[in-house]
Amino acid sequence: MKKTITILLASSIFTPVLAFAANSEEVVITASRKPQSINKVGQSISVLKAEDIKSSQAIQIPELLRSIPGVTVTRTGGPGNTVSVKLRGAQSYQTVAMVDGVKLSDPSALQCDFNLGTLMVGNIERIEVVRGAQSVLWGSQAIGGVINMITKAPTQKLNANLQGEYGTYNTQNYVGNISGKIGNLSASLGANYFDTNGYSSYTEWRGGKEKDGAHNFGANTKLKYEFSDAISLNLMGFYTDSDGEFDNFGSDALNTQSAKIGIGYIGLNAGAFEGKLQNQLGYSYTKTNRSYYYPSFSSRYNYEGKVDRYNYQGNLNIADDFGVVFGAESEKFDYLIDSGFSKVTKDMKTDSLFIQANANPIKPLNIAAGLRNEHHNLYGDHLVFDINGSYALNNGATIIRAAYGEGYRAPSLYELYDAFSGNQALVPETSRSKDISISHEFIKNKLSGAITYFDIKSDNLIAWSGKYMNVDKAKSNGFEFEVKYAPIKNLKLVANYTQNDAIDDKTKKTLARRPKDSANLIADYAFDNGFKIGANIIHVGNSYDNASNTILTKGYTIGDLRASYKISDLVELYGRIENITDKKYETVYKYGTSGRALYAGVRIGF
């Protein structure tokens, strides 16, 4: 793998670029809360499109995210267990995860973190990942960045898709979606079901024998009713119900867990001044119920977190070369924790105002700058600022990007009020993030590349030391490289490499579970007869599993193979082999990962 990394580094030196979509006219939404060409975005953004997701054959969201530069994925066991997704070394709870632009906060979690391990790919058709502080547009918690998962949109004509697969560990996965339009109403409805016997959450080659299964059911819907060309009503619903088994640290156990997550959104969209002003008034409600049972102690813990969120957003295009995005948000967080001995309920509230201006003063230059003031009922007002820009050269073949952003995260309800670990003297975490990149398309539609330097400094980080305390300063910096190459018809190659030094600035130790280097190679070839083959190689370097750097988690390299065959316009067969070399590895010390596994399935569309 060292040879592979050397090749990637050498290639990147001579082929500088950024996201999968490099220099296309692809439109993204998450970076600026409005549709914008990726060429005009100053932040680091990666996009996984429907074809990427389908080609990967991934079942769970974290499987998709681990292929993106700057992203680290660790998990405590198989499907359903806790997954941490870190962007550029920032903590997982410092990243905002969203479905269709609605935040997936869980106020009952230790640090308001959301477990992406409970989410299946299902009917997700697009993922946008923005790296670097995004607190101006997306508020508290967006220190590391934003992950926006977008479900399938309604279609003009009636469309239906079914998918089913079976594989190792007696794994079954089924997905269905139907969409269409009747008069002024368009709709998309989907559901997914997943079940597996699983493998031991306690590493099998360390002695784990008892298998830990998992089950998941999910459903989603999007509805849009158009009253006129200028006014429409949007509704979104998303639900997932998962349960499974997990082990103790370092031993088998019969522990069980469950999580039910529901999201509802309703929004009114109205245009004015011949479309120059777009208004959006919305309300969303998120509820998470989690339960954990430990039979050896005959104890059960129940958690409930709720978020009520009201928002207004305006997009004003003052001129072709100048526009403003502005808005207001009000969020109320509630949690309930039932330990069997006592019940604790707490809440907090934030009100925010934000504005970001986008300017195109000369044709090759695009600049965006914004401010957000967040008023917290406990911490008062906090102001954050960001600025980013892109500059195009060589008729758009070369793009230079630069971004600076300030991040902010208020302490969670659990950090403040837990009976054993809470500390009401905590103050918010803050950060300063900057990056600069250069991208170039060498051969149109064939060869492009990117190099990005990033630097994040964080203050007042909250850590557990008998109780939660503001104890740490941290810094994370490094490089992201990416090359996209299509040397011949039907062959696509994507390679990326991330070098990241994430350090506790107080102890000078490496932050836990942050590998210093990682790399991905993705290759796909499509034959003219409808047969496709593909492969992924993932390399993750050594990391430490604890803050004192006394437990080393060894790095690993694993590979997957996949293939599909389109029998007709309606039917496609597919299959894959994961961890083809049956590599024994861990992403978290003493927690198991899958051995070699085979899966096969069929997709039907009509």
Side-chain angles (χ1 to χ4, degrees), residues 30-33 41-45 70 86-98 103 105 111-112 129-148 311 313 324-329 331 350-359 366-376 378-390 401-412 426-437 452-462 470 472-478 480 500 502-505 511:
T30 313
S32 54
R33 291 188 73 138
V41 172
Q43 301 104 314
S44 297
I45 181 169
K86 303 177 180 68
L87 302 185
R88 291 179 171 173
Q91 295 282 6
S92 60
Y93 60 80
Q94 294 174 327
T95 296
V96 169
M98 303 186 292
K103 297 178 188 176
S105 303
Q111 294 173 295
C112 210
V129 179
V130 187
R131 302 184 293 284
Q134 306 294 319
S135 286
V136 166
L137 290 180
W138 298 108
S140 177
Q141 198 175 334
I143 286 177
V146 174
I147 301 170
N148 190 14
N311 74 282
Q313 179 177 322
V324 178
V325 176
F326 57 97
E329 292 182 341
E331 300 173 299
T350 64
D351 296 301
S352 305
L353 296 172
F354 67 88
I355 184 170
Q356 186 176 78
N358 300 270
N366 293 276
I367 300 174
L371 290 168
R372 184 187 192 98
N373 185 72
E374 184 161 294
H375 179 81
H376 195 285
L378 298 177
Y379 298 105
D381 294 299
H382 190 95
L383 187 68
V384 290
F385 166 75
D386 71 10
I387 184 170
N388 66 81
S390 66
R401 295 177 170 89
Y404 169 82
E406 296 173 347
Y408 166 78
R409 188 187 80 91
S412 70
L426 293 171
V427 299
E429 299 176 337
T430 59
S431 74
R432 299 166 306 285
S433 169
K434 57 187 177 184
D435 59 66
I436 184 168
S437 72
T452 302
Y453 171 77
F454 63 88
D455 181 87
I456 303 173
K457 290 182 173 62
S458 302
D459 295 315
N460 295 319
L461 292 182
I462 299 171
N470 292 105
D472 292 330
K473 291 179 178 288
K475 58 183 180 181
S476 178
N477 58 68
E480 296 163 353
N500 185 12
I503 304 294
D504 184 318
D505 215 16
L511 295 178

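Computed from heavy atoms alone, side chains included, the values below leave out hydrogens, waters and symmetry copies.
Looking at every heavy atom in both residues, Ala133 comes nearest to Gly407 through CB-N, 3.8 Å. Considering every non-hydrogen atom in both Gly405 and Asp386, the closest pair reads CA-CB, 3.7 Å. Between Ser476 and Gly89 the shortest heavy-atom distance is OG-CA, 3.9 Å. The two residues Ala410 and Ser140 have their closest heavy-atom pair at N-OG, 3.2 Å. For the residue pair Gly132 and Ser433, the shortest heavy atom distance occurs at CA-OG, 3.5 Å. Lys457 approaches Asp455 most closely through the heavy-atom pair NZ-OD2, 3.0 Å.
Counting only heavy atoms from C-beta outward, the side chains of Tyr408 and Leu383 never approach each other to under 4.5 Å. Using a 4.5 Å heavy-atom threshold, the side chains of Ile355 and Val324 count as touching. Put simply, the side chain of Leu137 reaches to within 4.5 Å of the side chain of Gln356, judged on heavy atoms. Within the 4.5 Å cutoff, the side chain of Phe454 has no heavy atoms near those of the Arg131 side chain.
We find the CD1-CZ distance between Ile436 and Arg401 to be 12.0 Å, quoted to the nearest 0.5 Å. Here the straight-line distance linking atom CG of Asn311 with atom CD of Glu329 works out to 5.5 Å at 0.5 Å rounding. Residue Asp504 holds its CG atom at 8.0 Å from CG of Leu461, rounded to the nearest 0.5 Å.
Under the 3.5 Å distance criterion, the side-chain polar atoms of Asp505 are left unmatched by any main-chain donor or acceptor of Lys475. In this structure, Asn388 contributes its side chain and Ala403 its backbone to no donor-acceptor pair below 3.5 Å.
None of Thr452, Thr95, Asn500, Asp435 except one satisfies the side chain to side chain donor-acceptor pair (under 3.5 Å) rule with Arg88; the exception is Asp435. Only one option out of Gln141, Arg409, Gln111, Glu429 pairs with Gln94 in a side chain to side chain donor-acceptor pair (under 3.5 Å); it is Glu429.
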### Task
May I have the step-by-step check of side chain to side chain contact (heavy atoms under 4.5 Å, CB included) for Thr430 and His382, ending in yes or no?
CA-CA 10 Å; Thr430 59; His382 190 95; 3.8 Å; yes
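Between Tyr404 and Phe385, the ring-plane angle classifies as tilted under the 30° and 60° cut-offs.
Within the cation-pi definition used here (under 6.0 Å to the ring centroid, within 45° of the axis), Arg372 does not qualify as a partner of Trp138.
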